[in-house]
Q: 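Sharing a structure here in C-alpha cells format.
Just follow the structure's listing: the first ligand is 1, and inside any ligand the first atom is 1.
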Amino acid sequence: MAAQSPQLAAPRSRFVVVGGGIAGVTCAERLATEFPSDDILLVTSSPLIKAVTNFKQVSRTLEEFDVEEQASNILEKRYPNIKVIQSGVKQLKSEEHKIITEAGQEYIYEKLCLCAGARPKLITEGNPFVLGIRDTDSAAEFQKHLARAKRITIVGNGGIALELVYEIEGCEVIWAIKDKAIGNTFFDAGAAEFLIPKLSAVKPEPRIACKRTKYTAAGSKIEQSAAANPGEIGSALGPDWHEGLCFKGAKELSHKVHIESLCEVKKIYLQEEFQQSEKVSLAFPRVQLDERNAEMDEERWPVYVELTSGKIYGCDFIVSATGVIPNVQPFLDGNNFVLGKDGGLSVDKYMHTSLPDIYAAGDICTTSWEPSPVWQQMRLWTQARQMGWYAAKCMAADTLGEPTDMDFCFELFAHVTKFFNYKVVLLGKYNAQGLGSDHELMLRCTKGQEFVKVVMQNGRMLGAVLIGETDLEETFENLILNQMDLSRYGEDLLDPRIDIEDYFD
Ligand code: FAD
C-alpha cells in the first residue's frame with residue numbers, strides 16, 4: 001500500500017474547540033494559557049467571536065462582565081497559540097478523532113470541546129412571517145421588519161419576550177403566553193404583577209445603570225455582520241443585546257402591549273387563506289382584560305394568528321420566542337451521543353459527553369450530574385462562560401492526569417439581569433423549582449421601587465428574587481450557601497427597618 005503523502009494528512013491538534021461564542025472562546029482561552037506551547041484550534045462558523053472583557057467577581061457566585069463581538073484575529077493576537085478556522089463543522093467522526101468542516105478540511109483532535117450553542121425553537125418552520133431572534137443577523141432582520149410594522153404578535157414568555165415587549169415602541173404588540181403570569185421562566189405571579197405597570201409607563205431617561213453582564217455590538221456592526229455573511233449560524237446574542245438597536249415600529253405610539261394569557265398558537269393563516277376561511281379577527285383591545293370590548297378588526301393584515309383561546313389577531317409578523325434547541329445535529333451522524341431530555345449533549349460533572357475525549361459546554365449541553373440543591377442549568381450567558389472555563393480545566397486535568405474538583409460556581413445558581421429597566425437578581429431555587437409544597441414564601445414589596453421574595457424550607461433560605469436596588473444579594477447569597485437556620489428571625493428577615501447585614505456579618 002502506498003504511504004500517505006504528508007501534505008495530505010489532516011492537521012492534528014491536542015485541543016480543538018468548536019464554536020466562537022462565549023463558551024467556546026472562554027474554553028480556548030483557558031487551554032491556551034495552560035498549554036502555551038500547544039496550538040489550540042477554534043473552529044467556528046461565525047466570522048466574529050465573542051470575548052468576555054472586564055470580568056469581575058462581585059461576590060462568591062455573582063459575576064459581572066462585558067461581552068464584545070470581535071474579529072477573530074484580535075483573539076489570535078491576544079493568544080498567539082489560538083488559531084481560528086472560520087468554517088462550520090459538518091461532520092464528526094468520533095472513532096477517528098476527526099472533524100470535517102464545510103470547506104472540506106479535516107482536523108484530528110486529541111481532545112475536543114463542542115460549544116456550538118443553540119438555535120431558536122420556532123413555533124413553525126419555513127413561514128416567512130415567523131421570526132426568531134438568536135444572533136446579530138436575526139436581530140437586524142427583526143429590526144428591519146419592525147420599522148415597517150404597525151402590529152406584531154410575540155409568542156413566548158422567557159427572557160427574550162420580556163425584553164422585547166418592554167423595548168418595542170411605535171407598534172401594537174399582542175403578547176401570547178401559555179402561562180397565567182408574564183415572565184414565568186423567571187418570576188411567579190407576584191413579581192409579574194409588580195412589573196406589569198411598567199408596560200404602560202413612559203420609559204425613564206436616562207436608564208438606570210445596572211451591575212450585570214453587558215453586551216457590546218454597535219448597531220452598525222450588527223448590520224455589517226448581517227450583510228457580510230447571510231445564512232451563517234452566528235453566536236447567540238446576550239445581555240443588553242437590544243441596547244443600541246432601535247426597536248421602533250411604524251406608528252407614533254409608546255408602549256402598547258396587550259397580553260393574551262393561558263393560550264398557545266393554534267394556527268397561522270396567510271392573508272388570502274384567512275379571507276377564504278371567513279373567520280373574524282379582533283381589533284387591538286382598547287382596555288386590558290376587558291373582553292366585552294373586543295371589536296372586529298376592519299384592517300387587512302399580512303398574517304393572522306389563531307390562539308387556542310379561539311381569538312384571532314391579524315399582524316405584520318410574529319416573533320417566536322419560545323426557547324432554544326441545542327445545535328447538536330452536525331455531530332450526531334454515526335456518533336452514539338447520549339442526549340439530555342431537552343436535546344442537548346449530556347455531560348457529566350467533568351463536562352465530558354458520553355463519547356471518549358469529547359467535552360461540551362454552554363447552550364449545546366445538558367448537565368446530567370446530581371446538582372447542588374440550589375443550582376440548576378439555564379441557558380444563560382454566565383453559565384456559558386462558567387462551563388467553557390470549567391470544561392477547559394477538566395480537559396487540562398485529564399491530559400495531565402490530575403484530579404479536578406467541581407467548580408464553586410455550580411454550588412449556587414446566581415444570575416443578575418435587567419427586566420423592564422429594573423435590576424433583577426435571581427438566586428438558588430428562586431421560583432421554588434422542584435421544592436414541592438412544603439416551602440414558604442416571604443415577600444416585601446414597595447410599588448414601583450422594589451420587590452423581594454425569599455423561598456424558605458425548614459427555616460432555611462433556598463432561593464430569592466430581588467427586583468430593584470435592594471442591596472441584599474450578597475447577604476442572601478451567603479444565607480443560601482450557609483444554610484443557616486433562620487427560623488428565629490421570622491418576619492424580621494425582610495423588615496426594611498432592620499439592617500439585615502448586621503445580623504449575619
Ligand atoms: P453561542 O453564543 O450560540 O455560540 C455558538 C457558536 O458556535 C457560534 O459562534 C456559532 O457560530 C458556532 N457554531 C454553531 N454551529 C456550528 C458548527 N456546526 N460548526 C462550527 N461552529 C458552529 N443570557 C443571559 O445570561 N442573559 C440575557 O439577558 C440573555 N439574553 C439573550 C437574548 C437573546 C436575544 C438571545 C438569543 C440569548 C440571550 N441569552 C441571554 C442567552 C445567551 O446569549 C446564551 O446562553 C449564550 O450566548 C450561549 O453561549 P454559547 O457559547 O453556548 O453559544
Q: Short list, please: which atoms of ligand 1 are under 4.0 Å from a heavy atom of Val89?
A: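 The list of qualifying atoms is 17 (C), 18 (N), 19 (N), 20 (C).
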Q: Pick whichever of Ala116, Ala139, Gly19 has a heavy atom sitting closest to atom 5 (C) of ligand 1.
A: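 Looking at heavy atoms only, Ala116 sits closest to atom 5 (C) of ligand 1.
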Q: Verify, without hydrogens or angle tests, whether Ser138 (side chain) and Ile133 (backbone) share a donor-acceptor contact under 3.5 angstrom.
A: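 Such a contact is absent between Ser138 side chain and Ile133 backbone.
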Q: Does the side chain of Gln70 come under 3.5 Å of the side chain of Arg78 through a donor N or O and an acceptor N or O?
A: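 Distance-only check passes for Gln70 and Arg78.
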Q: Check Thr44 against ligand 1 and report side chain, backbone, both or neither, counting heavy atoms closer than 4.0 Å.
A: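 For Thr44, the contact with ligand 1 is made by both the backbone and the side chain.
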Q: I'd like to check which ligand 1 atoms, numbered from 1 as shown, lie under 4.0 Å from a non-hydrogen atom of Gly362.
A: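 Listed by number with element, the hits are 52 (O).
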Q: Using 30° and 60° as the class limits, which term best fits the ring planes of Phe142 and Phe317: parallel, tilted or perpendicular?
A: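 Phe142 and Phe317: perpendicular rings.
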Q: Can you tell me if Lys98 and Gln91 form a side-chain donor-acceptor pair at under 3.5 Å?
A: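 Lys98 vs Gln91: no donor-acceptor pair found between side chains.
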Q: Hey, mind stepping through Met387 and Cys365 against side chain to side chain contact (heavy atoms under 4.5 Å, CB included) and telling me if it holds?
A: CA-CA 10 Å; Met387 286 181 182; Cys365 77; 3.6 Å; yes
Q: Would Phe410 and Trp375 satisfy ring pair (Phe, Tyr, Trp, His ring centres under 6.0 Å), going step by step from the backbone distance to the final call?
A: CA-CA 6 Å; Phe410 301 110; Trp375 186 86; 5.3 Å; yes
Q: Would you say His415 touches ligand 1, if touching means a heavy atom closer than 4.0 Å?
A: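 In this structure, His415 qualifies as a contact of ligand 1 - some heavy atom is under 4.0 Å.
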Q: Before you tell me yes or no, could you show the steps for Phe35 and Phe15 under ring pair (Phe, Tyr, Trp, His ring centres under 6.0 Å), namely the whole-Å CA-CA distance, both residues' side-chain angles and the distance that decides it to 0.1 Å?
A: CA-CA 10 Å; Phe35 298 91; Phe15 300 108; 4.8 Å; yes
Q: Do ligand 1 and Ser87 have nitrogen or oxygen atoms that lie under 3.5 Å from each other?
A: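 Ser87 vs ligand 1: no N/O contact under 3.5 Å.
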Q: Pick from Phe420, Tyr422, Phe419: which one makes a ring-ring contact (aromatic ring centres under 6.0 Å, His included) with Phe194?
A: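 Option passing the ring-ring contact (aromatic ring centres under 6.0 Å, His included) with Phe194: Tyr422.
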Q: Within this structure, what is the CD-OG1 distance for the pair Gln86 and Thr44, rounded to the nearest 0.5 Å?
A: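 Spacing of CD (Gln86) from OG1 (Thr44) equals 7.5 Å.
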Q: Do any nitrogen or oxygen atoms of Ala23 lie less than 3.5 angstrom from nitrogen or oxygen atoms of ligand 1?
A: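 Yes, since at least one N or O of Ala23 sits under 3.5 Å from an N or O of ligand 1.
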Q: Is there a heavy atom of Met387 sitting under 4.0 angstrom from any atom of ligand 1?
A: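 Outside the 4.0 Å threshold, so no.
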Q: For ligand 1, is any non-hydrogen atom under 4.0 Å from Lys50's backbone (N, CA, C, O), its side chain (CB onward), both, or neither?
A: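 No part of Lys50 comes within reach of ligand 1.
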Q: Heavy atom of Arg134 under 4.0 Å from ligand 1?
A: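 Heavy atoms of Arg134 do come under 4.0 Å of ligand 1.
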Q: Taking 4.0 angstrom as the limit and counting only heavy atoms of Ile160, give me the atoms of ligand 1 inside it, by number and element.
A: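 Once the distances to Ile160 are compared, the set is 32 (C), 33 (C), 34 (C), 35 (C), 36 (C).
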Q: Other residues, nucleotides and ligands only: do more than 12 of their heavy atoms fall within 6.0 Å of CG on Asn73?
A: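 It does: Asn73 CG has more than 12 such atoms within range.
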Q: So is Pro330 touching ligand 1 or not, going by heavy atoms under 4.0 Å?
A: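 The answer is yes: ligand 1 sits under 4.0 Å from a heavy atom of Pro330.
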Q: Quick check on contacts: which atoms of ligand 1 are under 4.0 angstrom from a heavy atom of Ala384?
A: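 In order of numbering, the contacting atoms are 48 (C), 49 (O).
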Q: At under 4.0 Å between heavy atoms, which part of Leu380 makes contact with ligand 1: side chain, backbone, both or neither?
A: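 Contact part for Leu380 vs ligand 1: both backbone and side chain.
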Q: For Gly88, counting its heavy atoms only, list the atoms of ligand 1 lying under 4.0 Å from any of them.
A: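 What qualifies from ligand 1 is 19 (N), 20 (C).
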Q: List the steps and the verdict of side-chain hydrogen bond (donor to acceptor under 3.5 Å, both in side chains) for Asp39 and Asn81.
A: CA-CA 5 Å; Asp39 272 346; Asn81 59 332; 5.9 Å; no
Q: Check each atom of ligand 1 against the heavy atoms of Cys115 and keep those under 4.0 Å away; list them by number with element.
A: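 By the 4.0 Å cutoff, the relevant atoms are 5 (C), 6 (C), 7 (O).
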Q: Backbone or side chain, does any N or O of Asn327 fall under 3.5 Å from an N or O of ligand 1?
A: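 By distance alone, the answer is no.
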Q: Taking 4.0 angstrom as the limit and counting only heavy atoms of Ile133, give me the atoms of ligand 1 inside it, by number and element.
A: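 In order of number, 34 (C), 36 (C).
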Q: Please assess Glu477 against Thr61 for the test side-chain hydrogen bond (donor to acceptor under 3.5 Å, both in side chains), listing each intermediate value before the final yes or no.
A: CA-CA 8 Å; Glu477 176 191 46; Thr61 55; 2.4 Å; yes
Q: Enumerate the atoms of ligand 1 whose separation from the nearest heavy atom of Ile22 is less than 4.0 angstrom.
A: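 Those qualifying, in numeric order: 51 (O).
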